[in-house]
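Below: the structure, in structure tokens.
Scope of the values below: all heavy atoms of this structure, side chains included, with no hydrogens, waters or symmetry mates. Residue numbers start from 1 in every chain, and the chains themselves are labelled A, B, ... in the order their sequence lines are given, proteins ahead of strands.
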There are 2 protein chains.
Amino acid sequence: MIKPLPRIRDVATAAGVSTATVSRALSHPERVSKETRERVLAAVEKTGYTINYAARNLRRRRTGSIVVLVPNLANPFFSAILSAIASEIAPAGYNVLIADTAQPPHSEQRILEYLNNNRADGLILLDGTLKGVIARGQETSSSLPPLIFACEWLSEDGYPSVRIDNSQGARLAIRHLVELGHTKIGHVMGPPENVLTVERRRGARDAILEADLEIREDWFFPGDFTMASGAGAARAWLSLKERPTAVFCSSDEMAFGFISELHRNGLEVPDAVSVVGFDDIEISKRFVPALTTVHQPRARIGRKAARLLLDLIDGDDEDRLAARAAGPEILPIELVLRESTKAVRT
Amino acid sequence: MIKPLPRIRDVATAAGVSTATVSRALSHPERVSKETRERVLAAVEKTGYTINYAARNLRRRRTGSIVVLVPNLANPFFSAILSAIASEIAPAGYNVLIADTAQPPHSEQRILEYLNNNRADGLILLDGTLKGVIARGQETSSSLPPLIFACEWLSEDGYPSVRIDNSQGARLAIRHLVELGHTKIGHVMGPPENVLTVERRRGARDAILEADLEIREDWFFPGDFTMASGAGAARAWLSLKERPTAVFCSSDEMAFGFISELHRNGLEVPDAVSVVGFDDIEISKRFVPALTTVHQPRARIGRKAARLLLDLIDGDDEDRLAARAAGPEILPIELVLRESTKAVRT
DNA sequence: CACTATCATGTAATCGATTACAAGAGGGCA
DNA sequence: TGCCCTCTTGTAATCGATTACATGATAGTG
């Protein structure tokens, strides 16, 4: 029942040429004559030949795949970026290999393995908490494959990255609330060590100070980007004696958690409190109320990161140094005004 | 700057043994003596050796990866399943290779390539619209690698699949609405050719008839599982002279689109109309109103499909025939009651 | 016409790990 | 002591495609 797959030798026999010629006809068509090329292609068709990638990759000393490390595959924010990455990488002839860094099987050891040259020709990292792992990777391995950060990044090491200006996004959100007349503004933060948390919190603080408003530490609620943590922040908000009239959440998901928890307690947004999110994921415009939020061009981020990585892979060491020197690629964002914010009662 | 990676020969030299012994020490530790094993492991440590998978896979005549074909990576329904699949497959030593069947670069030709033995050791298909491609694959290739459908499936060919009882899910939804006293019940359907659409519509019709209620064709709204199509159905609902008082949507996303579009038109759920969804994706319990929906155990579906596939890969042809004969694996569902439905006004 | 450049193709080495087979060492048993 | 069996290790073939190098044919040039 198991018939062995046709090999390049079978094609060569069928076409009456050598394996070298078949290989050339397929990989460098311009290097064989028109007649043999056609004869080879016909033979390929006839035998049903498809290439054995393991053999090709072994000989070419590459892996043919690109690894994407995602903090959480199930999170729609990441899956949209992933989708864009895949759409750019697949046509370039690479496999997209996905690893969820939060999944239990992915110990540091496992992730290190991906960093090793012989697992991937390049990496895209959507997880900025891998500093330790990458440092260890540099010690262990003589040279890491090209890598690019997207969305998140390592604050010190100058790896190339594609991202937005997060503190600017936070400023846009806060300024909008200020313009609506809010003077008591809170913030639901991301996980403490995350770069995004740091940048967005900084932007938020700066904008609050610029508006000559007070920074109240008890209005900066801890969170971790999940809906559950947004709901927790809502409970914290409810328990306050003096409550902010507007809250900027560091992710859309937290904003949903926040709004839904208030709803459970009989309070509606934006009447009870104005809420701004961050990310503008798919559902934000359909949420009830539709969420005012900072739009991140997720598809563009993914595509850009993929294209930069492909350039790095094709380029030489010089190109790589140039890429690191060039600094991060910052894509534009915008504040999308919807229903979840309104002017403060006067 | 580029230092060549250590090969198995380097380890052999460092340990003072042959490459065969190194290979055995790593792949079949019980076949070498304790002392050499330790010596080899020390040499591996010292040289920083990591295996070259292309070489191993070439020799072992396998690819080391499993391909998952997803209709739409950016859809959170699928990404949760994918996440579960990855968590099960990665520890088994396979790469998870993802291909988005809806992405432009994935012509039929490209998908066919994945079906070929030498791209993957096995496939998990979340897309039931691939009938044509698979038929062509069977013609072209002598034997397809083991494959498993998850969620969706091909209605005729008896490929193994892991899924839920979709018509039963639809019945649960309709019965719930009937119990709440609704007598005018509508349904927002998925894309016409989709198996899920067919099954859920059938379940819905049967349950409506069982309740001695009328089937009104103009209350069966076309859709395609997306939020936008749910919003379209809402507009259709609004334009009716006589409107159903309850609507069962074939996906949660369509339910969100439906609810949000009504909200834009000043109508609120469940006061204006009761809505039931299908899937119970992450956000459903936090939507406003929290969505009553049919829960699919997505993580379990993903894990189960992955485990079955791994069994098939390890098994022989006999096991594969047995698996096809065993029929689909049906996982339990339940109706989750939340806020989007309420008793009809009497 | 002789000589060189160009083009098309074939021969065979190569990528790096695995494993069939061979061989040697050591133990057990008559 | 001699024979067989088991255990450990080494030698070398192998997986399938690519490509450096060699070769022969053809065209172009002085």
**Asked** Does A/Pro29 offer a backbone N or O that forms a donor-acceptor pair with the side chain of A/Arg37 under 3.5 Å?
**Response** yes
Distances for protein N or O near nucleotides 24-26 of chain C N or O, under 3.5 Å:
none

**N-O pairing of B/Arg163 and B/Glu329 below 4.0 Å** = no
**Asked** Can you find a side chain N or O atom of A/His28 that sits less than 4.0 Å from OP1 or OP2 on D/dT18?
**Response** no
**Asked** Just by distance, do the side chain of B/Asp127 and the backbone of B/Val70 share a donor-acceptor pair under 3.5 Å?
**Response** no
**Message:** Heavy atoms only, 4.0 Å cut-off, all strands: where does B/Val17 land among base, sugar-phosphate and nothing?
**Reply:** sugar-phosphate
**Prompt:** Does some side-chain heavy atom of B/Arg56 sit less than 4.5 Å from a side-chain heavy atom of B/Arg60?
**Reply:** yes
**Request:** Give the rounded distance in Å between these two atoms: CZ of B/Arg24 and C1' of D/dT8.
**Result:** 8 Å
**Asked** Base, sugar-phosphate, or nothing: which does B/Ser18 touch, judged by heavy atoms less than 4.0 Å apart?
**Response** base
**Prompt:** Could you walk me through whether A/Glu35 and A/Arg39 pass the salt bridge (charged side-chain N to carboxylate O under 4.0 Å, His left out) check?
**Reply:** CA-CA 6 Å; A/Glu35 304 88 63; A/Arg39 207 135 41 84; over 6 Å; no
**Request:** Pull out every residue in residues 33-44 of chain A that has a heavy atom closer than 4.0 Å to any atom of DNA chain D, ordered by number, or say none.
**Result:** none
**Request:** Please say whether the positively charged group of A/Arg119, taken as NZ for Lys or CZ for Arg, lies over the ring of B/Tyr53, i.e. under 6.0 angstrom from the six-membered ring centre and within 45 degrees of the axis.
**Result:** yes
**Request:** Would you mind reporting whether A/Tyr159 and A/Leu144 have side-chain heavy atoms less than 4.5 Å apart?
**Result:** yes
**Request:** Nearest whole angstrom, please: distance from the C1' of C/dT18 to the CG of B/Leu26.
**Result:** 12 Å
**Asked** Donor-acceptor pair, B/Asp314 side chain versus B/Asp311 backbone, under 3.5 Å?
**Response** no
**Donor-acceptor pair between A/Asn52 and B/Arg61 side chains, under 3.5 angstrom** = no
Between the protein and nucleotides 15-17 of chain D, which nitrogen or oxygen pairs are less than 3.5 angstrom apart?
unit_1 : atom_1 : unit_2  : atom_2 : d
D/dG16 : OP1    : B/Arg61 : NH2    : 3.3
D/dG16 : N2     : A/Ala55 : O      : 3.4
D/dA17 : OP1    : A/Tyr49 : OH     : 2.7
D/dA17 : OP2    : A/Ile8  : N      : 2.4
D/dA17 : O5'    : A/Tyr49 : OH     : 3.4

**Sole candidate of B/Ile66, B/Val68, B/Val67 that passes side-chain contact (heavy atoms from CB on, under 4.5 Å) when paired with B/Val96** = B/Val68
**Request:** Ignoring hydrogens and angles, tell me if any N or O in the side chain of A/Thr13 forms a donor-acceptor pair with the backbone of A/Arg9 under 3.5 Å.
**Result:** yes
